[in-house]
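Only one structure is covered here, and it is reproduced in the block below.
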Amino acid sequence: MTKPTLTIRAVQMEALNGPRLQAVEDRLFQRVTTKFPATAGALGDAQTRQLIRRGMGKARRLRLGLEPHVAALVDLVFEFGLDFDTTGPLSWAHAILTERGLDAGARIGLVIARLEAFEAAGMRPA
Amino acid sequence: MATATTTTQSGSGQEVHEPVHSCAKTKGSAMCEVLTARDGSDKTTAVADVKVELSNGPTSSPAKTTTGQGRAEFTALDAGQYTVTIKVEGPIAKFYDLDPAPAPQTRAVTTGPTAYSFLLKSVWIGAAVTYENGAPAPGVPWILRVKKRTGDRLAAKWSTHKEDTSTKEDYVEDYVSKGRYQLAAKVVTAPAWSETDLVVGTAVTLTAKCAWAEDETSGKFELFDVLDPATALHTLTAKAAAGKLEASWTPATDQLGSLKSGLLVFKASVGDVAAFSPVAKIGVKEKVELVDAAGTKLTKRVVLRLSNGQDVEANVNNGEVQITLPWGHAVARVSPTSVSGRVKVEANGGTRSVMVPA
């Protein structure tokens, strides 16, 4: 006898996630306006939220799921730009962020730790 | 029951993007990486074989060594502050700038991985041969020497690390051993005479710089008529000392037999690199006797007209004066004078007479 299954369709998933994603976005908005007031001020609220959402999308593509990891990635987006890991002096980060076999915390943690190591050595990328 | 993606993500947070059944981890880990980069470069390379120690935390773990990816991981750690220290020892140590030694890093390990990253500055060499204006000077042979460092001591002697020829690009060599390096273009420069008015029988010093040449390296000075810089009139040998080639030369007429122009250059060479000197004039000292028709030795100021048309003023004293004649020329006339007669010119063992007009 086949057990009945309940399938959640994408549209339903979106409905389930919507309010929670909005709450995350709100918290990230608070975070970036505090940590990067100059950037957020220059962008204005609407564009700041848009960049946060694009950062969250990038986090999703990079399989960064937990809010602290998403927040860390959004920090990098606000500090170095949305494409920081594909163009410019931080492009080495892409290989780490997409490395199979490392979990999300290790990947984002290594990127941040490496940036700190560069800074400690007086070699922070521009 | 609805199915939803279950991840193995740890930590107190929920998955941002999708509903999740948290699968909490109770242990943490320390993910350590050791990288190296040139100072000022963002290109990193993993460093293997570095000893990594974990300390000061609630869980102890034996030291590990970085893999080919430059990583070492300590797992199953209870939450707490952990200090990671790296020790770059053994044969690999010579490739990195370890002064000061890499500082230990202390981080809070909770659940999940905590990353520690160490960046070592590599020892590397960059070199370029340029003109004075900074433009690249391709095609110049150069030599890179090293006094290797063993512990705190430098080798006493230079040894050749590499020789090559410059290109338009800078020469860069990564991961060289620590030590003192000396780059020198293999060129001979600043060839110079101590005097540019040479006289047969009077010593002159020939010098040239060859900063790259070790002491006792053989070199030579070849002397040429400026009109024929292919046929050496005479050759002097010399040994490099303190980056300089030097020889003393006393010109002799028999060494300059085929000199036509009276103008000399020398070519200073060390090995297959050489440089030509500026031009120097050479002359011959001659004694001129001035005696009037009655045989009286004159004492007076005269002008000697030379065969090249040049006039030389001379004070004749008791019938004699010494002058330096340009190579290949002679006194043609003496003027003005209140006497007439013959003037006897002695030079190089010969005697000639010239007319003193009335």
Side-chain angles (χ1 to χ4, degrees), chain A residues 3-8 12-14 16-17 20-21 23-25 27-28 56-57 59-61 63-74 88-93 95-96 99 101-126, chain B residues 1-20 22 25 28-46 69-71 73 75 84 86 96-97 100 102-105 107 109-122:
Chain A
K3 282 188 178 177
T5 55
L6 176 61
T7 304
I8 299 178
Q12 291 170 312
M13 184 75 86
E14 212 166 274
L16 284 169
N17 268 344
R20 200 160 55 78
L21 287 176
V24 171
E25 182 187 311
R27 285 194 291 277
L28 290 175
M56 290 169 68
R60 181 177 187 140
R61 288 191 297 279
R63 298 174 293 117
L64 299 175
L66 294 179
E67 187 170 336
H69 302 160
V70 176
L73 186 81
V74 170
L90 267 61
S91 51
W92 49 262
I96 298 176
E99 185 174 332
L102 280 184
D103 79 12
R107 286 183 282 125
I108 190 70
L110 275 176
V111 170
I112 292 166
R114 195 180 285 191
L115 274 172
E116 289 173 358
F118 266 106
E119 188 161 6
M123 294 163 59
R124 177 135 202 201
Chain B
M1 178 183 158
T3 57
T5 305
T6 301
T7 75
T8 54
Q9 294 289 0
S10 59
S12 55
Q14 268 195 315
E15 279 283 338
V16 168
H17 308 292
E18 296 173 5
V20 66
S22 290
K25 281 183 179 174
S29 66
M31 166 67 79
C32 311
E33 70 166 8
V34 182
L35 307 166
T36 185
R38 265 187 237 151
D39 198 359
S41 167
D42 57 3
K43 289 189 177 128
T44 57
T45 306
Q69 279 188 297
R71 290 183 185 160
E73 189 173 14
T75 55
V84 172
I86 63 166
Y96 304 102
D97 181 1
Q105 293 180 12
R107 294 177 187 272
V109 173
T110 55
T111 54
T114 297
Y116 297 74
S117 186
F118 294 86
L119 185 65
L120 302 175
K121 288 182 183 176
S122 65

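Quick caveat, the model's predicted, so the values are computed rather than measured. Numbers restart at 1 for each chain; the letters A, B, ... are given by sequence-line order, proteins then strands.
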- prompt: Which atom names give the shortest non-hydrogen contact between A:Ala106 and B:Pro113, and what distance separates them?
  reply: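 Looks like N-CG, 3.2 Å.
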- request: Heavy atoms only: give me the nearest A:Ala113-B:Ala115 pair and the separation to one decimal.
  value: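 What the structure gives for the nearest pair is CB-O, 3.7 Å.
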A:Ile108 versus chain B, the contacting section by heavy-atom distance below 4.5 Å: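 Contact with chain B is absent: no heavy atom of A:Ile108 under 4.5 Å.
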- prompt: Who pairs with A:Glu99 by salt bridge (Lys or Arg N to Asp or Glu O under 4.0 Å), at least two apart in sequence or on another chain?
  reply: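 Checked A:Glu99 against salt bridge (Lys or Arg N to Asp or Glu O under 4.0 Å); matches are B:Arg71.
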- request: Can you measure from CG (A:Asp103) to CE (B:Met31) and round to the nearest 0.5 angstrom?
  value: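 These two atoms lie 8.0 Å from each other.
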message: For the CG atom of A:Leu115 and the OG atom of B:Ser117, what is their distance to the nearest 0.5 Å?
response: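 Reported to 0.5 Å precision, the distance equals 9.0 Å.
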query: Taking only residues two or more places apart in sequence, or in another chain, which ones meet B:Thr114 in a side chain to side chain contact (heavy atoms under 4.5 Å, CB included)?
result: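 Here the qualifying residues are B:Arg107, B:Val109, B:Tyr116.
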